[in-house]
Amino acid sequence: MTTTGEESVAARGGPWWWERRRSAVLDVGLAVVSAVECGLEGVPFAWAAGIPVAVGVVFGLLAGSVLLVRRRWPIAVVLVAIAVTPASMGFLLGIVGLYSLAASDVPRRFIGSLAGMQLAAVLIVMFVRMRQDLAREGVDVEDWIVPFASITTALGVTAPPLLMGLYVGARRRLMESLRERADSLERELQLLAERAEERAEWARGEERTRIAREMHDVVAHRVSLMVVHAAALQAVARKDPEKAVRNAALVGDMGRQALTELREMLGVLRSSGGGGRLREVPLAAVGVAAAAAASRAVDESAGGGEGPCLAEIEELVGQSAAAGMAVDLSVEGESRVCAPEVESTAYRVVQEALTNVHKHAAGAKTYVRLAYRVSEIAMQVENEPPVGAGGAAGLPSGGNGLVGMRERVSALGGVFVSGPTDAGGFRVSAVIPSS
């Protein structure tokens, strides 16, 4: 199994400039062999130079041991090899030194210059030595033999280590480039994974918010009407039994409708996962667009297949009127069919506004206005101040209704405004693009 990046750096355990212990062991072994070779070759060099043998041996040992620093200072190793070439020593030193130089990161012009110097040194030394040996032995050969043998020997000693070193250096640089690229890709993948996790967490939060908004929109209105009818039922139970029966029937109808819508909405949430288990993130991988699609799916399921639409506004207002609210509906412009998400959002805005009137201004006169314009749909629900001091119906409020309406309208590029009126009532207005 290979390692990259920081792992490869951590895997290094060699002393000094060596990256690995086995590299240090290899260089020490080569230096010992080279030192022994040069030390043995120092004996005939001392005889020929007329110096003590011990001096020649020590000189050879020192020259051969330079191979120990071939990875750190390859130029110095090659220069030493060139310097001892006239002494007929350093064969291993020259080959390994030239290979190390060619495999290093030294610029090519220096490599070519030093390789040319070593080639020339070997060529000259071989030419002179062969002429001297032939003259000493009294052998007569043709004139081209000595130059040919000298050139062949010089090329044989210089070219193979040079080419091998260039190949190994290029391969090493390629592997380092690939390793750096792999490290970069790994870091990018890690960053993408972190961002994907952040987006998934954000999408889960958006999904939870959307589910809470759908639960609020679908159930809160009908439950509020049930509470209002139940209060009316309690008030007239003894005085007007027939009206009490009608109110009880309305409460039952509202409860059944609320349960039906709740079951249908939960069915949509369960439909993305098998085994009847509610899955938390049907939208986490697809974001806001899927959230809008799922929201439309909930609206469609809750409305019996096509979702709530503007044609049902009159029925919605009638339910509030049946609960005792004095509500007036006015429609301006030519009625037309808009996009399902536009009609659903407009319906939910009116529904939530009426629910808030039931909660906070029970008995107040309310006006619902719906306007079909050229390229937009406008709606407004405004109530007068509640009659007397007991306007609130005692219904719980989480404060999320207006927030949910604003989110729905803003998601379609519309404008939502809400706030108290100068007369002491409350007004909810929204404008939604219809195309």
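These figures come from a predicted structure and were not determined experimentally.
Ser100 has its side chain out of reach of Arg71: every pair of non-hydrogen atoms, C-beta onward, lies at least 4.5 Å apart. A 4.5 Å side-chain heavy-atom check between Phe426 and Thr421 finds every atom pair outside the cut-off. Proximity of Val357 to Met325: side-chain heavy atoms (C-beta onward) are separated by under 4.5 Å at one or more points.
Side-chain N/O atoms of Tyr367 and Glu384 include a donor and acceptor closer than 3.5 Å. A side-chain N or O of Gln351 and one of Arg348 form a donor-acceptor pair less than 3.5 Å apart. A donor-acceptor pair shorter than 3.5 Å can be found between the side chains of Arg336 and Ser434.
Using modelled atom types, one side-chain atom of Thr153 and one backbone atom of Ala149 make a donor-acceptor pair closer than 3.5 Å. For the pair Gln380 (side chain) and Leu370 (backbone), a donor-acceptor distance under 3.5 Å is absent.
Atom CZ of Arg173 is surrounded by more than 12 heavy atoms from other residues, nucleotides or ligands within 6.0 Å.
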**OP:** Kindly determine whether Phe416 and Val428 satisfy side-chain contact (heavy atoms from CB on, under 4.5 Å), including the steps that lead there.
**Re:** CA-CA 8 Å; Phe416 178 84; Val428 171; 3.5 Å; yes
Original post:
Going through the distances and angles, do Thr366 and Glu382 end up as a side-chain contact (heavy atoms from CB on, under 4.5 Å)?
Top reply: CA-CA 6 Å; Thr366 305; Glu382 179 180 348; over 6 Å; no
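Considering Val157, Ile151, Thr152 as possible partners of Leu155, the one that fulfils the side-chain contact (heavy atoms from CB on, under 4.5 Å) test is Ile151.
The pair Glu201-Arg204 meets the salt-bridge criterion, with a side-chain N (NZ, NE, NH1 or NH2) lying under 4.0 Å from an Asp/Glu carboxylate O. Between Arg373 and Glu376, at least one side-chain nitrogen of the basic residue sits less than 4.0 Å from a carboxylate oxygen of the acidic one, meeting the salt-bridge criterion. Under the 4.0 Å criterion applied to side-chain N and carboxylate O atoms, Asp328 and Lys365 are not assigned as salt-bridge partners.
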